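Inspection log for the structure reproduced underneath, given as structure tokens.
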Amino acid sequence: MNNRILSILLFLLLPQLADAQAVIDRVNPTSWWVGMKNTSVQLLVHGTGAGTLTYSVNHPGVKLVKTNVVENINYAFLDLTISPGAKPGIVKLVGKRGTQTLTQDWELRARDNEPKGQGVSAADFIYLAMPDRFANGDPANDLFADLRDPYADRLNPFFRHGGDLAGVTSHIPYLNDLGVTAIWLTPVLENNQPLTNENGTMRASYHGYGFTDHYNVDRRFGGNEAYKTFVHEAHTAGLKVVQDAVYNHVGNSHWFIQDLPAKTWLHEWPSYTNTSYRYQPITDPHASELDRRITLDGWFVPFLPDLNQQNPYLANFLIQHAIWCVENFGIDAYRIDTYMYNDQTFMNRCNAALLAEYPRIHIFGESSVNNVVDQAYYTRNKIDFPFKSNQPGTLDFVLESAMLDALRQPVGWDTGVQRLYQTLAQDGVYQDPTKLVTFLDNHDHDRFLSVIGEDFDKYKLGLTWLLTTRGIPSMYYGTEVMLKNFKDPTDAEVRKDFPGGWAGDKKDKFKAADRTPRENEAFNFVRQLASYRRTHPVLQTGKLMQYLPENGLYVYFRYDASGTVMVASNTTDKPLTLTTKRFAERLDGFTHAKNVLTDEAVATLAAVQLPAKTAVVLELLK
Ligand SMILES: [Ca+2]
Ligand SMILES: [Ca+2]
């Protein structure tokens, strides 16, 4: 059959098929609220022939402004306005075609009192956990035979292990005790992806970065209700919640990938094209358009299709989903996955929409770069780039590598602790460097303890910097009980189960009695510094003054009207006595101090004893 005959046949048959079979099987967002600042919402309506129906809405305060159709007749996009006086309840969406009338219920809700969009700031300390690997609170949800990946196997590092939201919720008291004030979980939305073959190994989407339905939390994590419970319990305990957002791509089993609304929904290439993972073409004024397109529109991996955020219906879909999660679950901040590979104009629009509804919300993306200029591009900055990002913060990858270099490189003119000093010395490019989220490692990097050669002195030094310098500190789960490993042979090595998170684990490191003396020392060290930071605004909002490092000695101060804290670090292998005359500018008026880490009194400030590879944190007193 040639194409012309096929087209004529389809032309004759399709209307009848649509007439006979038109259905609505999905409306996204699944609900919305009365009283949002933006009174417009665009409903994606999906189902066989959904785009061939004529829609109407008869509900107090709700107006159907426009019905939009796209090239796939299974979609309609309905532009609604919801007046402040609209009545919460079930809205009937009526679709008609010929003699057929379809009625679809859609929920309009009143806003609830759960705190939402509270933001995270330098007053916070974020704990990053992977729910599949943290604790299994409900063994009944570990696997489901009707999902594309029906397995759970703790002996396989690449499979799901059964950890879930109930497991995180039940350890909120542990996190409170440790002194963290916010929890960032790797994504919890449904990833109904099959196992994928990655370099010859079958792997599960346990990490969560391949969404298949934006409006459902994965059943294996406990579903939407478990997430709501987790957020509510966290808030009740004084903890905020950071959600991991993924705008750049979805899983290739996502329901809308199975029935694409339009050719322009994705970045499609004549043949498969991966992103180069090179970020320079985005900021480079000399870049070729081809290099830019490959970086931005190339696919992250073959099973994560790259979304075209310039498609206006897709852009609305993603932005409304971001708002829906804040409003529905009560989340407080967003970490954004692969920030650099998104359309940056779209990102600005999305950030602005979130900030318009929730002025205090914090947003910080993953931009894995190796220099301050490229990092500044993705947050509010003072550089004259042609594109100006409105993102409030960003993850501070440059400071991470600088802190690690300070601990692993020999002291030199531009090496060792100079790297830390020199990185912070470039903070002038940011509008507000205190909004950057700092870290020593994460789920994609070698674990901190291994990078520094499992040296406990260096471990304490790094954590001291993390918890006393500028920024919003974050810590990867298990660092406090000295989990270690390189990504050798794969990242599964840095994503091990938290010991004690599963019934029957030999050791329960959530409990002091099951931790070794060294692990308790580590836990208590983190807790001590976190507690001091939490109760001393000077470490949150105080100014930072740093002195040029000399021979591996690095001294900085945090100070404001409420007090002054001096942090003196000896990054060398030898004990040293630090003469403090050079710091008179900040020591003026202070005569003695309290050692924050030991609570000991320090009688004189003339000289400070610094054993090899140690830092002292001194609260200066008059
Ligand atoms: Ca489970
Ligand atoms: Ca992209």
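These numbers come from the heavy atoms of this one structure, side chains and all, not from hydrogens, waters or symmetry mates. If you're wondering where the values come from, they're calculated on a predicted model, not measured in any experiment. Atoms within each ligand, like the ligands themselves, are counted from 1 in listed order.
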Looking at Arg220 and Asp164, is there a salt bridge between them, counting it only when a charged N and a carboxylate O are closer than 4.0 Å? no
Show me the pairs that pass salt bridge (charged side-chain N to carboxylate O under 4.0 Å, His left out) and involve residues 299-312, at least two apart or across chains. none
Checking Ser253 against Thr212 for the side-chain hydrogen bond (donor to acceptor under 3.5 Å, both in side chains) test, could you report, in this order, the C-alpha distance in whole Å, the side-chain angles of both residues, the deciding distance, and whether it holds? CA-CA 6 Å; Ser253 297; Thr212 54; over 6 Å; no
Whether Lys507 and Asp505 form a salt bridge (side-chain N of Lys/Arg under 4.0 Å from carboxylate O of Asp/Glu) is what I want to check. no
Excluding waters, which are neither shown nor counted, protein N/O/S atoms under 3.0 Å from the Ca ion (ligand 2) come to 5
Is it true that a side-chain atom of Glu71 and a backbone atom of Lys263 form a donor plus acceptor pair closer than 3.5 Å? yes
Salt bridge or not between Glu519 and Lys509? Use side-chain N to carboxylate O under 4.0 Å. yes
Below 4.0 angstrom, N of the basic side chain to O of the carboxylate: do Asp142 and Arg154 qualify? no
Protein-side N, O or S atoms sitting under 3.0 Å from the Ca ion (ligand 1) are Asn136 OD1, Asp138 O, Asn141 OD1, Asp142 OD1, Gly162 O, Asp164 OD2
Determine, for Phe523 and Arg515, whether the Lys NZ or Arg CZ falls below 6.0 Å from the six-membered ring centre while staying within 45 degrees of the axis. yes
Which pairs count as side chain to side chain donor-acceptor pair (under 3.5 Å) when at least one residue sits in residues 354-364, sequence neighbours excluded? Glu327-Tyr358
